[in-house]
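Computed from a predicted model, the values in this text were never measured in an experiment. Residue numbers count from 1 along this sequence.
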Amino acid sequence: MTSENVSLTLKTDPTNCYLLKSQDGRLLIDTSLPTGFIHFIRELKTIKVDLSEIKYLLLTHSHDDHAGFAAELKDKTNCRIIVHKNSIEALKNGCNKNVGRYLNKPASIFMSLYSWVKRRSWGYSPVTLDDDDIVVADDDDDILRTLGIEGRIIYTPGHTDDSLSVILTNGDAFVGDACMNIFGFLHYRPIVLYDSDLVFESWRRIIESGAKTIYPAHGKPFAVEGLIRCLKRYAPAHI
């Protein structure tokens, strides 16, 4: 990652959070599960970033492992939240939407075991948006630049209908759950999805946006060439 971007991986739950440097502080991409806030604070201390530096929170979508402690973070920092318009209802109610279907049988087995082990409730503290927060309806070329971040936001549905990705001009792509890199059998596909065709269309748009390195919310970063190969394998019509 470039020197202006700091990757945060919460050690005790599954979500990667990413910090980007803005003109007046930091933009955080995603939180994690509701129980992850204390560990998040510890991660900030390890990289010598004060919580007060977080001025913006961009949620790639409204699932509990991405918006879990958003309300707590907003309460403590008064950060401005950036979300897709389709996230508003789920955030207000503190619940997942567009849970969809499992990709395949191995994905179903894994998620069942994970939910049992973690005693996951699939809910979180409701997040109420203020007039100062930013709601995105589609692609946006301006919001990030007004914050001093060279990049754009693109709408990448498929995993959910409220999924956003951040594409920086240097090719760093922060994609939430539009892509995953946790198990070989997924081949970068989301473990849960509501529309597979939209997943592949979103991949195409990520690729065409100039992405060079994919930073998923789950798993290690990988080169965009891997995504291109999988798109050719599973959905050549989208190439």
Side-chain angles (χ1 to χ4, degrees), residues 14-18 20 27-33 56-68 70 81-103 107 111 122 124 127 129 133-141 143-144 149 151-168 172-182 186-211 213-219 221-222 224 226-227 230-231 234-235 238:
T15 307
N16 300 328
C17 301
Y18 299 99
L20 304 183
L27 178 144
L28 175 67
I29 299 177
D30 285 334
T31 70
S32 191
L33 291 169
Y56 311 95
L57 168 62
L58 185 145
L59 298 176
T60 61
H61 58 292
S62 54
H63 281 174
D64 64 331
D65 56 335
H66 296 258
I81 296 180
I82 305 170
V83 295
H84 190 269
K85 65 178 183 178
N86 293 340
S87 293
I88 295 174
E89 182 179 356
L91 292 173
K92 182 179 179 180
N93 293 312
C95 64
N96 287 350
K97 63 174 293 188
N98 297 142
V99 174
R101 61 178 177 81
Y102 294 118
L103 175 65
M111 287 302 294
W122 304 95
Y124 52 91
V127 180
L129 299 182
D133 292 322
I134 302 169
V135 177
V136 179
D138 205 338
D139 297 351
D140 190 281
D141 294 332
I143 290 172
L144 293 181
I149 299 171
R152 61 194 298 253
I153 298 170
I154 64 172
Y155 180 44
T156 49
H159 173 63
T160 63
D161 72 353
D162 61 342
S163 294
L164 298 174
S165 294
V166 170
I167 314 295
L168 300 186
D172 290 348
F174 304 90
V175 300
D177 287 357
C179 315
M180 292 186 178
N181 191 23
I182 51 176
L186 292 180
H187 298 126
Y188 303 130
R189 295 169 294 176
I191 201 167
V192 175
L193 46 81
Y194 87 98
D195 190 315
S196 58
D197 283 339
L198 284 179
V199 167
F200 296 132
E201 177 61 18
S202 290
W203 284 14
R204 181 190 68 78
R205 300 189 69 241
I206 290 168
I207 293 165
E208 292 185 352
S209 72
T213 305
I214 308 298
Y215 292 87
H218 305 290
F222 61 94
V224 72
L227 198 63
C230 285
L231 188 59
Y234 291 107
H238 288 267

- request: Could you give me the CA-CA distance, side-chain angles and deciding distance for Ser165 and Thr156, then say whether side chain to side chain donor-acceptor pair (under 3.5 Å) is met?
  value: CA-CA 6 Å; Ser165 294; Thr156 49; 2.9 Å; yes

message: Checking Asp197 against Val199 for the side-chain contact (heavy atoms from CB on, under 4.5 Å) test, could you report, in this order, the C-alpha distance in whole Å, the side-chain angles of both residues, the deciding distance, and whether it holds?
response: CA-CA 5 Å; Asp197 283 339; Val199 167; over 6 Å; no

- prompt: Leu129 and Ile88: side-chain contact (heavy atoms from CB on, under 4.5 Å), yes or no, with the steps?
  reply: CA-CA 8 Å; Leu129 299 182; Ile88 295 174; 3.9 Å; yes

query: Under the side-chain contact (heavy atoms from CB on, under 4.5 Å) criterion, do Asp141 and Ile153 qualify, and how do the steps go?
result: CA-CA 6 Å; Asp141 294 332; Ile153 298 170; over 6 Å; no

field: Full working for side chain to side chain donor-acceptor pair (under 3.5 Å) between Asp65 and Ser32
entry: CA-CA 4 Å; Asp65 56 335; Ser32 191; over 6 Å; no

query: Run the side-chain contact (heavy atoms from CB on, under 4.5 Å) check on Leu27 and Leu57 step by step: do they pass?
result: CA-CA 6 Å; Leu27 178 144; Leu57 168 62; over 6 Å; no

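Partners of Asn181 under the side chain to side chain contact (heavy atoms under 4.5 Å, CB included) rule, at least two apart in sequence or in another chain, are Tyr188, Pro216, Lys220, Phe222. Residues satisfying the ring-ring contact (aromatic ring centres under 6.0 Å, His included) test with His84, not counting sequence neighbours, are Tyr155. Residues forming a side-chain hydrogen bond (donor to acceptor under 3.5 Å, both in side chains) with Asp195 (at least two apart in sequence, or on another chain): none.
The distance from atom CG of Leu227 to atom CZ of Phe200, rounded to the nearest 0.5 Å, is 10.0 Å. Of the inter-residue distances, the one linking His61 atom NE2 with Asp177 atom CG reads 4.0 Å to the nearest 0.5 angstrom. The structure places CG of Asp138 at 10.0 Å from CD1 of Ile154, a figure rounded to the nearest 0.5 Å. Atoms NZ and OG, from Lys92 and Ser87 in turn, are 14.5 Å apart once rounded to the nearest 0.5 Å. Distance check, rounded to the nearest 0.5 Å: CG of Asp161 to NZ of Lys85 gives 10.0 Å. The distance from atom CG of Leu58 to atom CG of Leu144, rounded to the nearest 0.5 Å, is 7.0 Å.
Side-chain atoms of Asp64 do not come within 3.5 Å of backbone N or O of Leu33 as any donor-acceptor pair. A distance-only check finds no donor-acceptor pair linking the side chain of Asp30 to the backbone of Ala67 [under 3.5 Å].
Nearest heavy atoms, Ile206 versus Ala178: CD1-CB, 4.1 Å. Nearest heavy atom pair, residue Gly68 against residue Thr31, reads N-OG1, 3.1 Å. Of all heavy-atom pairs between Ser62 and Tyr124, the closest is O-OH, 2.8 Å. Here the closest heavy-atom approach between residue Arg189 and residue Leu186 is recorded as NE-O, 2.7 Å. When all heavy atoms of Leu198 and Gly158 are compared, the pair lying nearest together is CB-CA, 3.7 Å.
A heavy-atom distance below 4.5 Å is found between the side chains of Trp203 and Cys230. Side-chain contact between Ile82 and Val136 is present, with heavy atoms from C-beta onward closer than 4.5 Å. Counting heavy atoms from C-beta outward, Pro157 and Ser202 have side chains that approach closer than 4.5 Å. Inter-residue side-chain proximity for Ile191 and Met180 is flagged as met; some heavy-atom pair is nearer than 4.5 Å. Pro190 is not listed as a side-chain neighbour of Val192, based on a closest heavy-atom distance of 4.5 Å or more. In this structure, the side chains of Leu91 and Val83 come closer than 4.5 Å at one or more pairs of heavy atoms. A 4.5 Å side-chain heavy-atom check between Leu20 and Val166 finds at least one atom pair inside the cut-off. Residues Tyr215 and Asp172 have side chains in contact (heavy-atom distance under 4.5 Å, counting atoms from C-beta outward).
By the 30° and 60° cut-offs, the orientation of the rings of His66 relative to His218 is perpendicular.
By the 4.0 Å N-to-carboxylate-O rule, Glu208 lies close enough to Arg204 to be salt-bridged with it.
The closest side-chain donor-acceptor pair between Tyr194 and His159, if any, does not fall under 3.5 angstrom.
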